[in-house]
Number of protein chains: 4
Amino acid sequence: MATSPGSRRRGRPPSSEGRDTREALLNAALALFARLGFAATTVRQIAAEVGVRDAAIYAHFPSKQAMYDVLFAEAGPPSWERLGLNPEVLAARTPAEVVPELVRRALDQWSTPRARLFGSFLLREGAGPSGLGRVYVGIEATLEHLAGLFAHWQNQGLIRGDVTARQLVWELFGPLQIPRFLFLHPDSTDVDIATCRRWTDDHVAFYLACTASPERPRP
Amino acid sequence: MATSPGSRRRGRPPSSEGRDTREALLNAALALFARLGFAATTVRQIAAEVGVRDAAIYAHFPSKQAMYDVLFAEAGPPSWERLGLNPEVLAARTPAEVVPELVRRALDQWSTPRARLFGSFLLREGAGPSGLGRVYVGIEATLEHLAGLFAHWQNQGLIRGDVTARQLVWELFGPLQIPRFLFLHPDSTDVDIATCRRWTDDHVAFYLACTASPERPRP
Amino acid sequence: MATSPGSRRRGRPPSSEGRDTREALLNAALALFARLGFAATTVRQIAAEVGVRDAAIYAHFPSKQAMYDVLFAEAGPPSWERLGLNPEVLAARTPAEVVPELVRRALDQWSTPRARLFGSFLLREGAGPSGLGRVYVGIEATLEHLAGLFAHWQNQGLIRGDVTARQLVWELFGPLQIPRFLFLHPDSTDVDIATCRRWTDDHVAFYLACTASPERPRP
Amino acid sequence: MATSPGSRRRGRPPSSEGRDTREALLNAALALFARLGFAATTVRQIAAEVGVRDAAIYAHFPSKQAMYDVLFAEAGPPSWERLGLNPEVLAARTPAEVVPELVRRALDQWSTPRARLFGSFLLREGAGPSGLGRVYVGIEATLEHLAGLFAHWQNQGLIRGDVTARQLVWELFGPLQIPRFLFLHPDSTDVDIATCRRWTDDHVAFYLACTASPERPRP
DNA sequence: TATGAATGAGCCTTCATTCAT
DNA sequence: GATGAATGAAGGCTCATTCAT
């Protein structure tokens, strides 16, 4: 992955090499922060991964911390909008149809290399307010976004009504987080990802069985 | 917490001071590793926390890494045995009675300062096989230990039988891990701990409602 | 000799200062290794001698050991070629003329500050295979280079023929080594060097008297 | 050679272990100083070689430097007296008989492990006044001791008279020093020692041939 | 006399960063 | 925009030594 450094001549490179050195540096930094942690990652490593010298970094970022900050800001909650799942549309269908798709899409997103990197990155850096806090924000956003949908289903009698809609969402997505972080990390193999999917499928089946409205749906 | 070093004179301290420096160093290291991560923790910090000079560490451990290794080896799965929950005894009671107690005890253990430290420590260091892997081992141990109990309840018709006992255990404890790591970290306040307990209680209530055998218990 | 460091500002020095830091570092290291030995020499001393901070060394060499290795590699046998003594040319002259000149040139070379430094350096570092071994290689090279010349003289009856030519060379140069290392060290004064020359002259006179062919030269 | 430390119980050992810990320490120190040099030798190494802990050294010597000083003081010139060669007695015999014996005895002494250690020790520590200076003192003592003998032979016409007796001694022993230090070091093998002896024998033969009085001995 | 535990100094090296080019 | 050479701070660790036992 790392271009061998030292082969580069000095001075400003032809602009054909593109302006994406900055992007490349960010990617390298993300990968290394996720794998090693911020403190254990050196600017030399980041630069080497991109094939430049460490001093070149300071043409793009004022400091190592600044790279971290940029990444941290990007590491926002997974956007449900980006998932193309419109609650209004979904409301017309039944939980048995929608829930598996919901989970599948979430898993697809969590499985992307970039998401796995961000996940490890957040997990590592600060159990307290910083890292896991960010995960929490993501969860809250999900709850917010989907609670309406589940409430609608409750009103229709398609899903049990004896707990809040928020909790229903949480009971669906909360249990997925452990397999997610356990199996979806930057070094995951295909086997890991498949294992994760199996755990997830089992949970979804259980969830649907549990939450199906106990009484028969009203006519 | 940190005794001020530098005041001590040169040689061996009089035994009247009677402190177990080795243990103290391990505790300080655990706290710092959990809070800052291994790489960001310096041996001088560890030593200062105990009130000795950094060089004194090397009379007890061959290296900083060795301290980590000792801690890592200690950070085993939470022993269910130590929880004083005997499956045979529990089998005589109903899930509605036992499950909340089970969870309460687990939470009690996870809430201890030491467990919170170890949790953060493991979370930080190595998402892949090392840190979270250890968490996974803990989960597996739990599944192993309690699956028999749940199977017994299934046989008695006290709990739904349409999923495996293992999954029943997982559906109980899996969802607790996120609130656990979210709210039970080394810097948790009482509010954090209370919040965690509330999430947990909600889940237990939901779980019991879901898993109660759908057919009425056999007479 | 040491430029005072610490006055320099942070970044790259303006090229107007135009110094070859790498060479300067090697020279300083050689002097210190010779005087104090490798282990007793600190990188800070080396750097200070050159007027830079110790960290600057690592822009030029990967380690202190690497500096040693470079010097050790350089400390090859004194090149007779460099002495400008061509055996073919010398063969036309008599031992009584050539031998004193040979010795004088060797002594001139051994007397240079750099040669004295290398001598002490080699002497210090490893009596066994490393240091003195290198001296031995130098001696062997000399024997090799000059044996032909002495054999030629033997054939002409200009020098005694009852020992091998190799031994004749050795009997000339071997005895010079003790005064050499005794008096030609990095701290030699002019008096030391003069003393060395006196011992040497005495030996040469003795050598010529001894090795003159005992029989009268053939007509 | 090193007893494994750590097996010793604490406190004062039974006096049966003898009072030679001090001697053992000195021997270990000599070996290490010779092999590694003073600076590169640690008190831990010395102690370990003897099977005690480093702190124990300070029950016998006030400092590492003190050990060095004791050794250095011992490293006196090889005593010709100890060789049992009485110049008066030798004077009654011819150079052709005495010289080979003289050299053989010197070589025997230089070949002892202890002498080899002291040799390397002196060679290493201070090319200038300290180490080689000591060697020089040894040489001077030899010259002093034997000059009378050679002068006697000169008077008898048994050996050439055109150089001073002092130089005759020097021309005999000076050339031996290089093979001595080259082949007689602490790690010498039997092959090394044999090689040294061969070089030496060649030199002695050459020396005798050279120094035999050119004129026929007076009747 | 020997040990374990501690100190203070210092060592080699690494790191993030700066600056002239 | 990128580089090489430099800095200052610090980091892990070793060393000689001290002291209570």
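Every chain is numbered from 1 and lettered A, B, ... according to where its sequence line falls, protein lines coming before strand lines.
Residues passing the side-chain contact (heavy atoms from CB on, under 4.5 Å) test with B:Ala59, sequence neighbours excluded: none.
We find that CG of B:Leu25 is positioned 14 Å from P of F:dC13, with the value rounded to whole Å. Counting to the nearest Å, the C1' atom of E:dA16 and the CG atom of A:Leu32 are 16 Å from each other. Between A:Ile57 atom CD1 and E:dA16 atom C1' the separation is 10 Å, expressed in whole Å. Remark: P of F:dA2 and CZ of A:Phe61 are 11 Å apart, rounded to the nearest angstrom. Computed from coordinates, the B:His60 NE2 to F:dC13 P distance equals 15 Å when rounded to whole Å. Rounded to whole Å, atom P of F:dA2 lies 13 Å from atom CZ of A:Arg22. Taking atom CZ of C:Arg53 as the reference point, atom P of F:dA10 lies 14 Å away to the nearest angstrom. For C:Gln65 and E:dC12, the CD to C1' distance is 12 Å, given to the nearest whole Å.
Between B:Tyr68 and B:Phe61, the gap from one ring centroid to the other reaches at least 6.0 Å.
Annotation: of the two residues near DNA chain F, A:Ala59 and C:Ala59, the 5′-most nearest-nucleotide partner is A:Ala59.
Remark: DNA chain F takes part in the stems E:2-21 with F:2-21, each of 3 or more antiparallel Watson-Crick or G-U pairs, criterion distances under 3.5 Å.
D:Arg44 contributes no side-chain N or O that, together with a main-chain N or O of D:Asp54, makes up a donor-acceptor pair within less than 3.5 Å. Checked by atom type and distance alone, the side chain of C:Arg124 pairs as donor or acceptor with a backbone atom of C:Arg35 at under 3.5 Å.
In plain terms, the two heavy atoms of C:Leu117 and C:Ala31 that are nearest each other are CD2-CA, 3.7 Å.
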Can you check nucleotides 14-16 of chain F for protein contacts, nitrogen or oxygen pairs under 3.5 Å, and list what you find?
| unit_1 | atom_1 | unit_2 | atom_2 | d |
| --- | --- | --- | --- | --- |
| F:dA16 | OP1 | D:Thr41 | O | 3.3 |
| F:dA16 | OP1 | D:Lys64 | NZ | 2.9 |
| F:dA16 | OP2 | D:Val43 | N | 2.9 |

Show your working on side-chain contact (heavy atoms from CB on, under 4.5 Å) between C:Arg114 and C:Leu30 and close with a plain yes or no. CA-CA 9 Å; C:Arg114 197 162 180 85; C:Leu30 174 57; 4.1 Å; yes
The test is side-chain contact (heavy atoms from CB on, under 4.5 Å); show your working for B:Arg22 and B:Val70 and say whether it passes. CA-CA 11 Å; B:Arg22 200 192 117 101; B:Val70 169; 4.2 Å; yes
Stepwise, does the side-chain contact (heavy atoms from CB on, under 4.5 Å) test hold for D:Leu26 with D:His60? CA-CA 10 Å; D:Leu26 277 179; D:His60 298 277; over 6 Å; no
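Under 4.0 angstrom from either OP1 or OP2 of F:dA5 there lies no side-chain N or O belonging to C:Thr21.
Looking at D:Asn27 and D:Glu23, their side chains never bring a donor and an acceptor atom within 3.5 Å of each other.
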